[in-house]
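Quick note on labels: first sequence line is chain A, next is B, and so on, each numbered from 1.
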Protein chains: 2
Amino acid sequence: MVGLLRSHDINPTHQRIEIAYVLFSRQEHLSADQVMALVNTHHSETSKATVYNTLKLFVEKGLVRELIVDPSKVFYDPNTHPHHHLYEINTGKLSDIGAEYMQVSGLPPLPAGTVIEGIDLIVRVRRAS
Amino acid sequence: MVGLLRSHDINPTHQRIEIAYVLFSRQEHLSADQVMALVNTHHSETSKATVYNTLKLFVEKGLVRELIVDPSKVFYDPNTHPHHHLYEINTGKLSDIGAEYMQVSGLPPLPAGTVIEGIDLIVRVRRAS
DNA sequence: GTATTGATTTGGACTTTGTCTAATGTCTGG
DNA sequence: CCAGACATTAGACAAAGTCCAAATCAATAC
Ligand SMILES: [Mn+2]
Ligand SMILES: [Mn+2]
Ligand SMILES: [Zn+2]
Ligand SMILES: [Zn+2]
């Protein structure tokens, strides 16, 4: 974990190690709140401010990917390889779609002076009624 | 406007007509807050609760499309034809990408008992530094 | 008209997610 | 040990959205 943080130019503090561990030891998409809860399961030791600060830092440094998929909360994805997402509207469950299952082709003319930050492809499904 | 609402099985009340008018008379992507402001520019007559209720109703009835693209607010799109979106991270500006510019191919195996609600493709761009 | 009644709207309290700030704590090189 | 930079923290704050009980409205029935 320490090496992973260092390799992304992140000073590995105790809190950052704990948060990284929570994210990388499972391969789930977690919200800030979930990270907060998991990191403080045993004994409370990381504040809300630090969780938010740290997640933002991780995103900036490219260690995790931010997913905007649910109208009420951001998810953090420890998998930064290209892949897509499937979101179950009813349950809020978010899962990966391997890049091999779906491809995106073409690119629109970008506004002058802008560069692509990322392309998000989200399949929204609903439990059949 | 009344006909449009009726054709989507929506009882055309004064407030709903005003809100639909705000959305359809311009072809922009508006947030609930913006709809609220626009509908009440002249004289205040529609409450926050009604704006939220009505937008939700419009989405349910398929009159407008909900766009989850910005971590802090939902946008509503009067264009329900298939198309994609380009989001400028810095400015928060959201614009359309015609379906002819980008194609999505393939479909993942869906979880049993679910059906596709929609596929969202978002190109995120950042002003080049 | 007037009454009835279901649908709609409303103010305002409330919740949730996230941000901000000023104070405090930690670490390191000299 | 000390200075300074960096990191963490509690808690106040803000913004988006939800909820609810009360009021209003609109349509039909007499
Ligand atoms: Mn610990
Ligand atoms: Mn008016
Ligand atoms: Zn993922
Ligand atoms: Zn659009």
Side-chain angles (χ1 to χ4, degrees), chain A residues 1-2 5-6 8-23 29-40 43-61 63-64 66-77 87 89-90 92 94, chain B residues 1-2 5-6 8-23 29-40 43-61 63-64 66-77 87 89-90 92 94:
Chain A
M1 213 46 54
V2 172
L5 294 180
R6 288 232 169 83
H8 283 263
D9 194 27
I10 296 166
N11 189 9
T13 64
H14 179 68
Q15 286 85 342
R16 288 169 182 174
I17 294 167
E18 298 265 7
I19 291 171
Y21 180 75
V22 159
L23 283 164
H29 307 92
L30 299 176
S31 66
D33 240 35
Q34 292 176 304
V35 169
M36 177 82 178
L38 287 168
V39 115
N40 288 327
H43 44 294
S44 177
E45 57 183 329
T46 303
S47 71
K48 181 170 67 142
T50 296
V51 169
Y52 278 98
N53 288 345
T54 300
L55 289 171
K56 184 177 289 179
L57 177 71
F58 284 4
V59 170
E60 278 167 22
K61 297 295 191 180
L63 182 61
V64 303
E66 197 179 34
L67 297 179
I68 297 163
V69 119
D70 180 295
S72 72
K73 64 185 67 154
V74 172
F75 284 96
Y76 295 88
D77 191 345
Y87 183 66
I89 294 176
N90 308 292
L94 183 59
Chain B
M1 212 47 53
V2 171
L5 294 180
R6 287 231 171 84
H8 283 263
D9 194 26
I10 296 166
N11 189 10
T13 64
H14 179 67
Q15 286 86 342
R16 288 170 182 174
I17 293 166
E18 299 264 6
I19 291 171
Y21 181 75
V22 159
L23 283 164
H29 307 91
L30 299 176
S31 66
D33 240 35
Q34 292 175 302
V35 169
M36 177 82 178
L38 287 167
V39 114
N40 288 328
H43 44 293
S44 179
E45 57 183 330
T46 303
S47 71
K48 183 172 65 146
T50 297
V51 169
Y52 279 98
N53 288 345
T54 300
L55 289 172
K56 183 177 290 179
L57 179 70
F58 284 4
V59 170
E60 276 167 22
K61 296 295 190 177
L63 183 60
V64 304
E66 196 179 34
L67 298 179
I68 296 161
V69 121
D70 180 295
S72 72
K73 64 184 67 154
V74 172
F75 284 97
Y76 294 89
D77 192 343
Y87 183 66
I89 293 174
N90 308 291
L94 184 58

Taking atom [atom1] of [X] and atom [atom2] of [Y], what is their separation to the nearest 0.5 Å?
{"X": "D33(B)", "Y": "L38(B)", "atom1": "CG", "atom2": "CG", "answer": "10.5 Å"}
{"X": "L23(A)", "Y": "H29(A)", "atom1": "CG", "atom2": "NE2", "answer": "11.0 Å"}
{"X": "I19(B)", "Y": "H14(B)", "atom1": "CD1", "atom2": "NE2", "answer": "10.0 Å"}

Using the test side-chain contact (heavy atoms from CB on, under 4.5 Å), find all partners of [X] that sit at least two apart in sequence or belong to another chain.
{"X": "S72(A)", "answer": "D70(A)"}
{"X": "K56(B)", "answer": "E60(B)"}
{"X": "N90(A)", "answer": "R126(A), R127(A)"}

- Task: Indicate the atoms forming the closest heavy-atom contact of E45(B) with V39(B), along with that distance.
- Result: OE2-O, 4.4 Å
Between [N] atom [atom2] and [X] atom [atom1], what is the distance in whole Å?
{"X": "L67(A)", "N": "dT17(C)", "atom1": "CG", "atom2": "P", "answer": "17 Å"}
{"X": "K61(A)", "N": "dC6(D)", "atom1": "NZ", "atom2": "C1'", "answer": "13 Å"}
{"X": "I68(B)", "N": "dT17(C)", "atom1": "CD1", "atom2": "C1'", "answer": "15 Å"}
{"X": "D70(B)", "N": "dT17(C)", "atom1": "CG", "atom2": "P", "answer": "17 Å"}

- Protein heavy-atom contacts under 4.0 Å, written 5' to 3' over nucleotides 7-23 of chain D as B (base), S (sugar-phosphate only) or - (none), form the string SSBB-B---SBBB----
- Where along nucleotides 22-30 of chain C does protein come under 4.0 Å, by heavy atom, of base (B) or sugar-phosphate alone (S), with - for untouched nucleotides? ---------
- Message: Just to verify, what does Q15(B) make a side-chain hydrogen bond (donor to acceptor under 3.5 Å, both in side chains) with, not counting sequence neighbours?
- Response: none
